[in-house]
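Beneath this line is the structure, given in structure tokens, with notes to follow.
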Amino acid sequence: MKKTTKICCIGAGYVGGPTMSVIANQCPEIQVTVVDINQDRINQWNDEDLDKLPVYEPGLKEIIASNRNKNLFFSTEVDKAIEEADIIFISVNTPTKTYGKGKGQAADLKFIELCARNIAKVAKTDKIVVEKSTLPVRTAGAIKSILENTGNGVNFEILSNPEFLAEGTAVDDLLNADRVLIGGDDTPTGQKAKDTLSAIYEHWLPKDRILQTNVWSSELSKLVANAFLAQRVSSINSISALCERTDANVAEVARAIGYDSRIGSKFLNSSVGFGGSCFQKDILNLVYIASSFGLQEVADYWEQVIIMNDYQKRRFAENIISTLYNTVSGKKIVFYGWAFKKDTNDTRESAAIYVADALLEERAEIIVYDPKVSEKTIYADMDYLNTRTPEENRRLLKVVKDPIKATEEAHAIAILTEWDEFKTYDWDKIYNNMLKPAFVFDGRRLLDSETMTAKGFEFYKIGQS
Ligand SMILES: NC(=O)c1ccc[n+]([C@@H]2O[C@H](COP(=O)([O-])OP(=O)(O)OC[C@H]3O[C@@H](n4cnc5c(N)ncnc54)[C@H](O)[C@@H]3O)[C@@H](O)[C@H]2O)c1
Ligand SMILES: O=c1ccn([C@@H]2O[C@H](COP(=O)(O)OP(=O)(O)O[C@H]3O[C@H](CO)[C@@H](O)[C@H](O)[C@H]3O)[C@@H](O)[C@H]2O)c(=O)[nH]1
């Protein structure tokens with residue numbers, strides 16, 4: 001009888017969970033086990049109530065419902081899953097370092113190293129080890145060294161297979177990936193490992209979308225893809241500031257340039273600034289790598305993308321303060337949205353956090369409504385900044401479940417996430433609820449200026465005067 005292929009994925013987060021669920025769904029003959037050291041997270045993945053999964057992604061709960069405990073398992077038994085697996089994906093977090101050399105820029109690889117050491121300790125048979133996490137170029141070398149020097153003499157092939165899914169569209173991105181990148185050695189065993197991994201994706205993707213490269217190109221391409229995408233957002237955001245001074249409209253400019261097929265129309269939506277766990281972290285990592293090779297001009301070039309993003313968030317907050325007669329002290333400002341983009345419950349590096357912080361420094365009172373983000377997460381985000389005490393954060397910022405009631409006696413509304421439901425609200429009722437003049441600051445260019453102005457609002461939209 002043919003032996004069942006077994007996959008273990010270490011790290012049941014925003015990447016490990018959805019990626020492995022889709023692999024299990026598309027490859028019924030493969031057994032997939034996703035492991036994590038965080039017992040709470042695993043409990044959530046195993047929760048009977050599919051609305052309690054730790055990651056919200058459209059289409060995900062349906063996939064989990066039809067595969068969980070058939071060929072898809074979530075567990076804390078890390079060693080057992082490693083031992084049994086033929087292929088091990090490492091999908092743990094690689095945050096920006098907060099200490100020591102490279103603090104504030106370099107990727108913290110301690111979780112990766114722990115995984116490598118654990119695999120080396122436990123593995124008794126040959127394994128393919130796949131870097132799914134985003135890693136600095138040449139990390140595979142470090143993993144290889146740990147595995148070969150501390151292992152039990154078994155053979156490890158190390159592949160780089162960065163993930164390109166975007167949150168909010170993870171399932172669709174996985175099912176219809178533009179490309180899958182597989183980096184590995186050109187040796188016969190390296191080629192065999194690349195082909196084994198490729199065969200998994202070939203279950204649902206055409207072969208010509210699966211690119212094979214050397215390991216270093218694959219690792220670097222992931223950082224570069226994110227840097228290019230973020231650069232587009234910062235570029236259009238820089239132009240939004242100019243539009244606000246010149247009566248040009250950033251959407252019209254984006255459309256006009258996007259029609260040029262060399263430029264393309266995607267990723268030109270001006271906003272309050274990009275967030276998410278990846279863009280900033282990966283660019284900082286690129287900046288660190290470039291400067292550690294003495295390429296200061298390269299480092300400075302990419303750092304500007306972050307500087308522009310910080311400027312955009314600051315500019316949005318400052319515009320609220322100056323428009324509200326240069327003081328927001330004691331004024332009630334309602335935040336519509338806290339997630340870093342729509343259709344996700346993820347708030348990492350969300351612009352909302354930094355705008356809230358700037359307004360709280362000016363003693364505003366903030367009321368937050370987000371359809372998917374919990375009160376606990378919002379307070380954790382604010383406390384993490386360490387700008388003020390947790391008690392002050394809870395006194396000045398409230399989280400509510402009724403977005404319309406929240407606007408009673410409010411001085412202003414700020415739109416921080418582009419949730420579709422905000423477009424469907426009864427804005428006449430909201431107008432009546434608010435103090436006058438009723439200000440709306442649209443950081444996502446979600447609402448129509450003419451309609452909002454006709455209703456009586458003082459309406460400000462990023463990138464439009
Ligand atoms: N979030 C995204 O959209 C996205 C997309 C592409 C790539 N990435 C990259 O993928 C990686 C994972 O990102 P994420 O958003 O899923 O992170 P995450 O924080 O959501 O999940 C990581 C998980 O790994 C677990 N973990 C850490 N060390 C462990 C260990 N030694 N053993 C077992 N479990 C361990 C943590 O408990 C956590 O649950 C990062 O490198 C990130 O840059 C993320
Ligand atoms: O035109 C745009 C496009 C995006 N954004 C913002 O940019 C941030 C990132 O958005 P997006 O890239 O859609 O989501 P992520 O989940 O962060 O995905 C990025 O980061 C992932 C993690 O590395 C990669 O896998 C994806 O390919 C890459 O798109 C969000 O705050 C968006 O609101 C804009 O402001 N304007």
Side-chain angles (χ1 to χ4, degrees), residues 8-20 34-42 44-45 54-55 57 74-79 81-82 89-96 107-119 131-136 139 161-170 173-174 177-179 222-223 225-230 232-237 240 250 254 258 265-283 285 309 312-313 337 339-344 346-352 416-418 443-445 462:
C8 157
C9 173
I10 310 179
Y14 280 86
V15 168
T19 311
M20 293 303 129
V34 192
V35 292
D36 206 294
I37 42 176
N38 182 336
Q39 181 75 56
D40 284 346
R41 224 174 209 192
I42 292 299
Q44 284 175 295
W45 282 113
V55 171
E57 281 291 339
F74 294 93
S75 160
T76 49
E77 290 188 274
V78 181
D79 290 1
I82 291 174
F89 286 81
I90 303 181
S91 191
V92 299
N93 36 333
T94 49
T96 304
D108 191 343
L109 299 179
K110 70 173 175 226
F111 303 113
I112 295 285
E113 180 166 345
L114 280 172
C115 288
R117 289 191 182 277
N118 203 21
I119 295 169
E131 300 175 346
K132 188 51 119 178
S133 297
T134 303
L135 295 168
T139 306
N161 174 221
E163 183 47 60
F164 295 100
L165 69 81
E167 290 180 25
T169 51
D173 291 344
L174 287 162
D178 284 344
R179 73 341 198 152
K222 172 64 197 178
L223 298 183
N226 273 354
F228 270 60
L229 289 168
R232 279 176 75 92
V233 179
S234 275
S235 295
I236 200 69
N237 280 343
S240 74
V250 75
S265 61
K266 293 184 179 159
F267 257 71
L268 287 179
N269 294 322
S270 181
S271 67
V272 55
F274 61 74
S277 64
C278 296
F279 279 178
Q280 174 160 313
K281 161 177 84 72
D282 293 350
I283 293 175
N285 192 352
N309 197 47
Q312 190 74 350
K313 293 182 272 191
F340 80 97
K341 63 187 281 198
K342 74 170 178 177
D343 291 340
T344 176
D346 196 349
T347 64
R348 289 177 287 182
E349 290 301 328
S350 179
L416 275 308
T417 312
E418 72 281 23
R444 293 294 184 162
R445 301 188 49 83
I462 284 270

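Remember, it's 1-based here, ligands and their atoms both numbered in the order they're listed.
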Proximity winner for atom 38 (C) of ligand 1, if only heavy atoms of D282, D173, I112, D36 are counted = D36

Taking distance alone, with no angle check, do S91 and ligand 1 share an N/O pair under 3.5 Å?
-> no

Please could you name the atoms of ligand 2 that K222 approaches to less than 4.0 Å, counting only its heavy atoms?
-> 22 (C), 23 (O), 24 (C), 25 (O)

Check whether any side-chain N or O of T94 sits under 3.5 Å from a backbone N or O of A107 as a donor-acceptor pair, and report yes or no.
-> no

Numbering as shown, the atoms of ligand 2 that approach R444 to under 4.0 Å (heavy-atom distance) | 33 (O)

Which is closest to atom 18 (O) of ligand 2 by heavy-atom distance: P162, C278, S270, A166?
-> A166

Which residues satisfy the salt bridge (charged side-chain N to carboxylate O under 4.0 Å, His left out) test with R348, sequence neighbours excluded?
-> E167, D346

What atoms of ligand 2 come closer than 4.0 angstrom to any heavy atom of L268?
-> 1 (O)

Ligand 1 contact by V78, heavy-atom criterion under 4.0 angstrom = no

Indicate, as side chain, backbone, both or neither, the part of N226 found under 4.0 angstrom from ligand 2 when only non-hydrogen atoms are considered.
-> side chain

Ranking V92, N93, V15 by closest non-hydrogen atom to atom 11 (C) of ligand 1, top hit is V92

For N38, is at least one N or O under 3.5 Å away from an N or O on ligand 1?
-> no

For C278, the atoms of ligand 1 under 4.0 Å from one of its heavy atoms are 2 (C), 4 (C), 44 (C)

Across all chains, not counting sequence neighbours, the side-chain hydrogen bond (donor to acceptor under 3.5 Å, both in side chains) partners of D36 are none

With backbone taken as N, CA, C and O and side chain as the heavy atoms from C-beta onward, which portion of N269 lies under 4.0 Å from ligand 2: side chain, backbone, both, or neither?
-> both

Could you tell me whether some N/O pair between F274 and ligand 2 is separated by less than 3.5 angstrom?
-> no

Ignoring hydrogens, just give me the one of K132, K281, K110, K222 whose non-hydrogen atom is nearest atom 43 (O) of ligand 1.
-> K281

Return a yes/no value for D346: is any of its N or O atoms, backbone included, closer than 3.5 angstrom to an N or O of ligand 1?
-> no

Say whether, by atom type as modelled, one donor and one acceptor occur between the side chain of Q312 and the main chain of S271 under 3.5 angstrom.
-> yes

